[in-house]
Amino acid sequence: MRQFDFEKNKYKFSAKNKQKDLDSKALSKEIMFYIKQLKLFKISLKDLVSKSPNDFERDLILNIAYSIVEDHNLTKKIIIKKVLPCKIIQKSSELKFSFIEKWQQYIIAYVLLLYTERYSNLLNYLNIVLSKVEKFSLIKENYKDKLYKGIVLSNLKNNAVILTSKGEFVRINNNGENKIGEELTGKEKIGFRHYRKVVTISILAIVIIITTAFSVYNERTSSIIIQGTSQLKIETNIFNKIVYSYSPTEKGDILLKNLQLKNKPLEDSLVYILKDMQVNNMIPTNKKVEIIITGKEIKSNQFTKAIQYMDKIMSDDNYENNFKISINNSGYEKKMNNK
């Protein structure tokens with residue numbers, strides 16, 4: 001059931017120039033009260049400037065606002081509760097809920113101007129006409145170096161927020177000399193809103209790159225079983241970094257936890273493991289340690305440091321912990337023996 005009657009195309013903002021007599025003092029008072037009333041709805045000029053509906057959207061918002069103020073009960077409810085009932089408006093207007101929700105601050109801003117005569121000067125500045133009057137009117141605007149003209153709502157040192165006759169809230173460049181309530185013309189100040197799409201796309205691209213890189217980095221390409229008195233299992237990624245380690249035995253689990261191998265290079269990790277296996281008496285009685293690699297074959301240069309370590313053991317005739325290493329590298333076997 002409809003809450004109010006909604007005419008989608010009844011009113012529109014006219015782009016035609018219209019000469020108006022301005023009472024800047026009266027406008028200044030109205031603007032001060034208007035900004036205070038917006039704050040009661042938790043709306044700031046910054047909020048209105050940060051989102052800029054196009055001409056079609058702005059006309060649609062205007063007609064929503066007019067339909068609301070024509071329903072006195074609904075208007076009263078909004079003014080008292082300080083909240084726009086988006087669901088009720090969506091059902092009555094049959095517009096998308098996402099549209100109502102997105103532009104609810106603009107809708108409230110227009111409703112506040114329309115529902116009372118308190119803002120008669122501000123409302124008179126807006127160039128609102130019946131759509132049928134300008135049904136065939138088409139004014140093309142050159143958006144390159146476009147100049148905006150409107151009533152100053154807020155004035156800072158280098159910029160000002162204006163309300164144009166087309167119902168736009170725009171921040172323009174300004175030298176700070178104009179007062180609130182006066183008419184001002186200038187170019188729009190470039191802010192984050194103008195780069196939002198570029199920034200959003202860039203952030204999305206970065207997220208995709210990081211996610212892909214993370215996925216690639218953590219993808220396990222080779223699995224390595226080191227068989228001593230305890231079985232040790234480590235897995236490496238495409239960069240030959242350790243991404244996973246595990247041992248089914250308590251002693252092996254303690255060894256791996258103490259070494260903290262995650263993200264360390266495979267060539268260094270093999271040496272750390274062999275040293276700790278000797279220190280913790282994890283060399284089998286047959287003096288043979290088997291290293292079995294499945295998955296992607298590991299390049300021989302990853303065993304260089306392990307070979308150098310074994311050569312050091314071999315050069316020490318008094319070294320009691322003599323043992324052999326057998327490496328099966330995805331089907332290719334290599335043995336490293338000492339005396």
task = Say whether, by atom type as modelled, one donor and one acceptor occur between the side chain of Ser154 and the main chain of Val161 under 3.5 angstrom.
result = no
Using a 3.5 Å distance criterion without hydrogens, assess whether the side chain of Gln104 forms a donor-acceptor pair with backbone atoms of Cys86. no
### Query
Is Arg171 reaching over with its side chain to a backbone N or O of Val49, donor-acceptor style, under 3.5 angstrom?
no
Rounded to the nearest 0.5 angstrom, the CE-OG distance for Met282 and Ser230 is 4.0 Å
Decide salt bridge (charged side-chain N to carboxylate O under 4.0 Å, His left out) for Asp47 and Lys42; before the verdict, give the C-alpha distance in whole Å, the side-chain angles of both, and the deciding distance to 0.1 Å.
-> CA-CA 9 Å; Asp47 295 328; Lys42 298 181 180 179; over 6 Å; no
Indicate yes or no: at least one non-hydrogen side-chain atom of Ile89 is less than 4.5 angstrom from one of Leu95. no
Distance col, row Asp268:CG vs Lys305:NZ, nearest 0.5 angstrom, shows 3.5 Å
Taken to the nearest 0.5 Å, the spacing of Leu74 CG from Leu84 CG works out to 8.0 Å
For Ile31 and Val152, the nearest pair of non-hydrogen atoms, with its separation, is CD1-O, 3.3 Å
With side chains defined as the heavy atoms from C-beta onward, is the minimum distance between Ile273 and Leu261 less than 4.5 Å?
yes
* Asked: Just wondering, do Lys241 and Pro265 contact through their side chains at under 4.5 Å, heavy atoms?
  -> yes
*Ignoring hydrogens and angles, tell me if any N or O in the side chain of Asn240 forms a donor-acceptor pair with the backbone of Ile298 under 3.5 Å.*
no
Correct closest heavy-atom pair for Trp103 and Ser52 would be CH2-C, 3.7 Å
Distance col, row Thr221:OG1 vs Ile238:CD1, nearest 0.5 angstrom, shows 6.5 Å
Query raised in the report: Would you call Asp253 and Lys257 a salt bridge, using N to O less than 4.0 angstrom?
Result: yes
Report task. Check for a donor-acceptor pair, side chain of Asn124 on one end and backbone N or O of Ser120 on the other, with a separation under 3.5 Å. Result -> no
CD of Glu183 to CD1 of Ile151, rounded to nearest 0.5 Å, is 5.0 Å
Take atom NZ in Lys82; do more than 12 heavy atoms of anything else shown fall under 6.0 Å from it? yes
Sequence neighbours excluded, the answer for ring-ring contact (aromatic ring centres under 6.0 Å, His included) partners of Tyr115 is none
Do the non-hydrogen side-chain atoms of Met277 and Ile226 ever get within less than 4.5 Å of each other? yes
(message) Do Gln37 and Tyr119 pair up side chain to side chain, a donor and an acceptor below 3.5 Å, judged on atom types alone?
(response) yes
Would you say the side-chain atoms of Asp59 pair up with the backbone N or O of Phe13, donor to acceptor, closer than 3.5 Å? yes
* Report yes or no: does Glu57 contribute a side-chain atom to a donor-acceptor pair with the main-chain N or O of Asn54 at less than 3.5 Å? => yes
Lys8 and Asn63 have their tightest heavy-atom pair at O-ND2, 3.1 Å
Inset, instruction - Look at the side chain of Asn329 and the backbone N and O of Glu297, then say whether any donor-acceptor pair between them is shorter than 3.5 Å. - result: no
When every non-hydrogen atom of Lys296 is compared with those of Ser222, the smallest separation belongs to O-OG, 2.7 Å
**Study point:** Any donor-acceptor pair under 3.5 Å from Lys251 side chain to Asn280 backbone
**Key:** yes
| query | Are the aromatic ring centres of Tyr110 and Tyr11 under 6.0 angstrom apart? | reply | no
Note: Lys77 and Ile88 closest approach over all heavy atoms is NZ-CD1, 3.7 Å
- Task: For Ile225 and Gln231, run side chain to side chain contact (heavy atoms under 4.5 Å, CB included): C-alpha distance rounded to whole Å, both residues' side-chain angles, the deciding distance at 0.1 Å, then the answer.
- Result: CA-CA 7 Å; Ile225 300 293; Gln231 187 183 89; 3.6 Å; yes
Shortest non-hydrogen pair, Gly150 vs Tyr125, comes out as CA-OH, 3.3 Å
Interatomic distance, CD1@Ile234 vs CG@Leu256, rounded to 0.5 Å, equals 8.5 Å
Q) Taking the side chain as C-beta and beyond, is there a heavy-atom pair between Ile64 and Ile100 under 4.5 Å? A) yes
### Message
Is there a continuous path of hydrophobic side-chain contacts, each under 4.5 Å between heavy atoms, that joins Ile293 to Phe239?
### Response
no
Could you check whether any side-chain heavy atom of Asp55 comes within less than 4.5 Å of a side-chain heavy atom of Arg58, counting everything from C-beta outward? yes
